[in-house]
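A short worksheet on the structure shown next.
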Amino acid sequence: MTEQNAPEMAENEYDVAAIQEKWLPVWDELRPFDSGKAGDTRPKKYVLDMFPYPSGDLHMGHAEAYALGDVISRYWVQKGFNVMHPIGWDSFGLPAENAAIKRGLDPKGWTYDNIAQQKSSMRRYACSFDWDRVLVTSDPIYYRWNQWLFLEFYNKGLAYRKNSNVNWCPSCQTVLANEQVVQGLCERCDSVVTKKALTQWYFKVTDYADRLLDDLDTLEGNWPSKVLSMQRNWIGRSHGADVQFEIEGRTEPVTVFTTRPDTLFGATFMVVAADSALAAELAADSNPEVQKAFTNYLEMVKQSNDIERLATDRPKTGVDLGRFAINPVNGEKLPIWASDYVLADYGHGAIMAVPAHDQRDFEFAKAMNLPIRTVVDVKDEAGISIDPATGDAPTTAAGTLINSGPLNGLGKLEAIDKIATILEADGKGNKTKNFRLRDWLISRQRYWGTPIPIIHCNNCGEVPVPADQLPVLLPSAEGLDLKPKGTSPLGGATDWVNVDCPKCGIPAKRDTDTMDTFVDSSWYFLRFLSPNSTEVAFPVGEAKAWAPVDQYVGGVTHAILHLLYARFVTKVLHDLGYLDFEEPFTRLLNQGMVLMGGSAMSKSRGNLVALSEQLDEHGVDAVRLTMSFAGPPEEDIDWADVSPAGSAKFLARAWRAANDVKSAPGLSPVGGNAELRKATHSFLRDFGPLIENFKFNVGVAKIMELVNALRKAIDGAAGGADPAVREAAETVAKALSLFAPYTAEDMWQKLGHQPGVALAKLAEADLSLLVESSIVAIAQVDGKVRDKFEVPVDITEDALRELALASDAVKKAIGDKEVANVIVRAPKLVNIATK
RNA sequence: GCCUCCAUAGCCCAAUGGCAGAGGCAGACGACUUAAAAUCGUCAAAGUGUGGGUUCGAGUCCCACUGGAGGCACCA
């Protein structure tokens, strides 16, 4: 190498680090992704990535999510849309608080340091965010509106306080929503969740259960079916009937819910949830031995946790309460038992037990030696009636009703209808439905969250903080004991807690709980419309123009937590007149996880891959491209299986091709190398639909294909000056800008253009270039290819049939078999079926 | 126990019911080089987890099974 050609070498070298340095400041100037410019007439589109929790720097999971979200967002920008693609931080929550306790710091400092770091990483990662629309949920300007939301719910009767047995994490020392208990463990820290009787705040999500379930149908096709089925499972609607049983020695009847009212004649006992008020009352009015046995049993039940309860092979336990219920259809006396297999907070906390036709009731009857009466005749494979009373299992299938008075001879559905009619006529019951979904417990006994804007007054009770006194600012953490102790740390901020009642003026106290952070994230997508407004949570008019979110991108881990809550809050805001739509996210893409060596990355497993190291080693573009190219976006990526180095190699190859273009910009491609033009325009035809259908990996493969064709043309007959070469190279640069913005921008400059490849539209495919005059037709015999011939594209069916039948190879394959049928699909195929 | 989803070259993955291969990784060979790297090029490699069925024709649709991933679960 001589000194003279050294600078030229640098010019022809793909230098990842230099390119990254070069373009960031240019883009800062150019701001191609602003969405709030006045007079912007482009059609609007709202693309949203789930916002991160600032628990440290960005990791590989973020890198995947934001790479994929960026492909979609940049695609629509390139198509000429005014795309709103904002970002923010879900910055309240336990990790900040725990980290702060560990280090003796204010959670605020830890949180905002992490936000700054993530923000800088996102800029380097070249995310196409609109940096004018940023929100941070722990900013008072945000959580003031969180408090507004709470009060809207409160005033509508959708936020309320009640005392009940709640999920309690002994490690986090706070309550958990049902959705935050996974397999009996705390979602956050994996501690075994226990139950505790506490007064807590709830959002009445159950009021919306039907709509939350039914409206999932409107998302069909636009949301992953997996998420739809998870939500359906979670809401868990079952249809059945309420039936009222008189209780001996009690004025009020007890109502039970059953999905099998047809089996009412087979009820042989009743079971009430051991931990319910009803059980305690029935026991209290019973004889002393029962009282004692019940107290002992209840003690045992309280000590068991969800893990034990979930064990399916757990033997049935219970206590006979010495009381009796009267079967409303036949007047039979049914003994009442208390057991923990009946849940206090589902249905009415009491069931009618039909051991012949329910697995759990059957097990209980066997354990307690209670009678079993068959009322549904179910036949086995041999056609012989099965009798659970003498067998070892209940029958749960449909069958003909027996031993059931007026229901005898009916099938299941007819029997259900008839018994419902009978019960309704007597005022003893009615058809109804029940949900697995419970109300959303939103209060937390922790510091780092939105204070609940309620004041408790001895005179007035719960008093909402007046709007003009919002926000209720979180008191400084200084001097507060943040360590979890079961009551909110805010209770220690005496000056803050003690206030005068806004209604009557006497000394009162603030509510010291904070809100579940899922409240913060349940409506944040609306706040991006005016992240800095001090007047409104979000402007109703802007919401009409931008919302709902056209495309939401995020992990499947939020399938039932965040996505269900956001749907619920949207429906409430709709009903309050703030929104004209009922579903927040029109289209949803769930990206998979990034694994390493077959399992999720974790420090303890020792398979953590640091994003920053990957970026340093391969460059931003190569990492982003690898995320898109690895496979379908919803599948997990095993980092051990993919090749960021290969991606970098490809990017360099594409970049070099642009460097080899020897014509001036603005050159018409007409008359250029025909083969390359064909490759370019078949790419242009295929690319858009692939991206719109999330087939990013295939889209990248198509770009690679085009780069290969481009290389061949440059090195071959066409040469670097051919107009088709320029056309192909510009197409590559534009398409590549969705995946590898730095490389694409640099290519764009090499091709002689001003910065801003992100805004350069891809050309429409010229389909006339793709018209072929002839095509290779195949001739099959019994589905196997036997011959091929080149035919005109407009060949008639008859002509193609003749051609195929005349082929020697076809004749040989037919042999002496008789031709049964000849299928012709001109011009591509003939299939000859023999007998 | 109930409900989803997945299975294609050594690996990651393509394939409107119509010739199993678009693309990549790894591999072999060649060109360039004193040599290597880089680059450019050429090649090899599976009959689609198993067994049935529908069809003129099945990787694709249906059923069963095996293996893997996920959700719900004492919810009456």
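First the proteins, then the strands, lettered A, B, ... as listed; each starts at 1.
Heavy-atom nearest nucleotides on RNA chain B were determined for A/Val700 and for A/Ala630, and the one closer to the 5' end corresponds to A/Ala630. The residue among A/Ser225 and A/Thr317 whose nearest nucleotide of RNA chain B lies closer to the 5′ end is A/Ser225.
With B/G57, B/C13, B/C74 as the candidates, the nucleotide lying closest to the side chain of A/Asn831 is B/G57. Distances were taken from every side-chain heavy atom of A/Lys828 (C-beta onward) to each of B/A76, B/U16, B/G23; the shortest belongs to B/U16. Listed candidates were B/G41, B/A15, B/C19. Nearest to the side chain of A/Lys695 is B/A15. Here the nucleotide nearest the side chain of A/Met704, chosen from B/G24, B/A14, B/C56, is B/G24. Nearest nucleotide to the side chain of A/Ile560, out of B/A76, B/G23, B/C72: B/C72. Here the side chain of A/Val776 is nearest to one of B/A22, B/C19, B/G24, namely B/C19. Closest contact between the side chain of A/Ile351 and the listed nucleotides B/C72, B/C25, B/A76 involves B/A76. The side chain of A/Val785 sits closest to B/C19 out of B/G24, B/C40, B/C19. Nearest nucleotide to the side chain of A/Thr259, out of B/C25, B/A76, B/C74: B/A76. Minimum atom distance to the side chain of A/Asp340 is reached by B/C74, of the listed B/C74, B/A14, B/C25.
When the side-chain nitrogen and oxygen atoms of A/Arg653 are compared with OP1 and OP2 of B/A38, none of them lie within a distance under 4.0 Å. Between A/Lys712 and B/G41 there is no side-chain N or O to OP1 or OP2 distance below 4.0 Å. The side chain of A/Asn697 contributes no N or O atom lying less than 4.0 Å from OP1 or OP2 of B/G24.
B/G47 sits 13 Å from B/C19 when the C1' atoms are compared, rounded to a whole Å. Taking the P atom of each, B/A69 and B/U8 are spaced 15 Å apart, rounded to whole Å. As rounded to the nearest Å, B/A58 and B/A45 have P atoms that lie 25 Å from one another. B/A7 and B/G51: their C1' atoms are spaced 16 Å apart (whole Å). Between B/A64 and B/C72, the two P atoms lie 25 Å apart (nearest whole Å). B/U48 sits 35 Å from B/C40 when the P atoms are compared, rounded to a whole Å. Using atom C1' as the reference point in both B/C43 and B/A9, the two lie 14 Å apart (nearest Å). Taking atom P on both nucleotides, B/C11 is separated from B/U66 by 24 Å, rounded to a whole Å.
Classified by its glycosidic torsion, B/G51 falls in the anti category, the angle being over 90° from 0.
When both distances must be under 3.5 Å, the Watson-Crick or G-U wobble mate of B/U33 does not exist. When both pairing distances are held under 3.5 Å, B/G10 makes a Watson-Crick or G-U pair with B/C25. Nucleotide B/U48 is matched to nothing when pairs are restricted to Watson-Crick or G-U wobble geometry with both distances under 3.5 angstrom. In this structure B/U4 sits in a base pair with B/A69, meeting the Watson-Crick or G-U test at under 3.5 Å. In this structure B/C74 sits in no base pair that meets the Watson-Crick or G-U test at under 3.5 Å. Judged by Watson-Crick or G-U wobble contacts below 3.5 Å, the nucleotide B/A38 has no partner. In this structure, B/G57 makes no Watson-Crick or G-U wobble pair, since no nucleotide meets both defining distances under 3.5 angstrom.
Taking atom NZ on A/Lys784 and atom P on B/A20, their separation rounds to 10 Å, with Å as the unit. Rounded to whole Å, the distance from CG on A/Asn233 to P on B/C2 is 14 Å. Atom-to-atom, CD of A/Glu634 to P of B/A69 comes out at 19 Å; the value is rounded to the nearest Å. A/Asp715 places its CG atom 15 Å from the C1' atom of B/U42, with the value rounded to the nearest Å. Here the C1' atom of nucleotide B/C56 and the CG atom of A/Leu829 are 10 Å apart, to the nearest Å. When the C1' atom of B/C72 is taken as reference, atom CG of A/Leu228 falls 16 Å away, rounded to whole Å. Rounded to a whole Å, the CD atom of A/Gln359 is 14 Å from the P atom of B/C74. The distance between atom NZ of A/Lys226 and atom P of B/C72, rounded to the nearest whole Å, is 11 Å.
Remark: A/Gln614 CD is packed, more than 12 non-hydrogen atoms of other residues, nucleotides or ligands lying under 6.0 Å away. Annotation for A/Asp392: atom CG does not count as buried by contact number, only 12 or fewer foreign heavy atoms lying within 6.0 Å. Dense packing is recorded around NZ of A/Lys366, with more than 12 heavy atoms of other residues, nucleotides or ligands lying under 6.0 Å away.
In this structure, A/Arg801 pairs ionically with A/Asp798, as a charged nitrogen and a carboxylate oxygen lie closer than 4.0 Å. A salt bridge links A/Lys678 and A/Glu772; the closest N-O separation between the charged side-chain nitrogens and carboxylate oxygens is under 4.0 Å. Under a 4.0 Å N-O distance rule, the pair A/Asp660/A/Arg711 qualifies as a salt bridge.
Within the cation-pi definition used here (under 6.0 Å to the ring centroid, within 45° of the axis), A/Lys316 qualifies as a partner of A/Tyr341.
The base of B/C74 sits within donor-acceptor range of the side chain of A/Lys316, with an N or O pair under 3.5 Å. A donor-acceptor contact under 3.5 angstrom links the side-chain atoms of A/Gln780 to the base of B/G18. The base of B/C56 lies outside donor-acceptor range of the side chain of A/Asn821, with no N or O pair under 3.5 Å.
Residues A/Phe629 and A/Phe650 keep their aromatic ring centres 6.0 Å or farther apart.
Across all strands, A/Glu705 comes closer than 4.0 Å only to sugar-phosphate atoms, never to a base (heavy-atom distances). Residue-level contact check: A/Ile703 touches neither bases nor backbone, having no heavy atom under 4.0 Å from any strand. Residue-level contact check: A/Ala833 touches the backbone only, with heavy atoms under 4.0 Å from sugar-phosphate atoms and none from bases. Contact annotation for A/Asp345: no contact, since no heavy-atom pair falls under 4.0 Å across all strands. Residue A/Pro224 is out of contact with every strand shown, counting any heavy-atom pair closer than 4.0 Å.
In this structure the side chain of A/Asn607 never reaches within 4.5 angstrom of the side chain of A/Leu595, judged on heavy atoms.
The closest donor-acceptor contact from the side chain of A/Asp636 to the backbone of A/Gly592 lies at 3.5 Å or more, if one exists at all.
Contacts between residues 235-245 of chain A and RNA chain B, defined by a heavy-atom separation below 4.0 Å, involve A/Ser238, listed by number.
If you run side-chain contact (heavy atoms from CB on, under 4.5 Å) between A/Ile832 and each of A/Val819, A/Asn821, A/Ile823, only A/Val819 comes through.
Looking only at atom types and distance, the side chain of A/Asn708 has a donor-acceptor partner in the side chain of A/Arg653 under 3.5 Å away.
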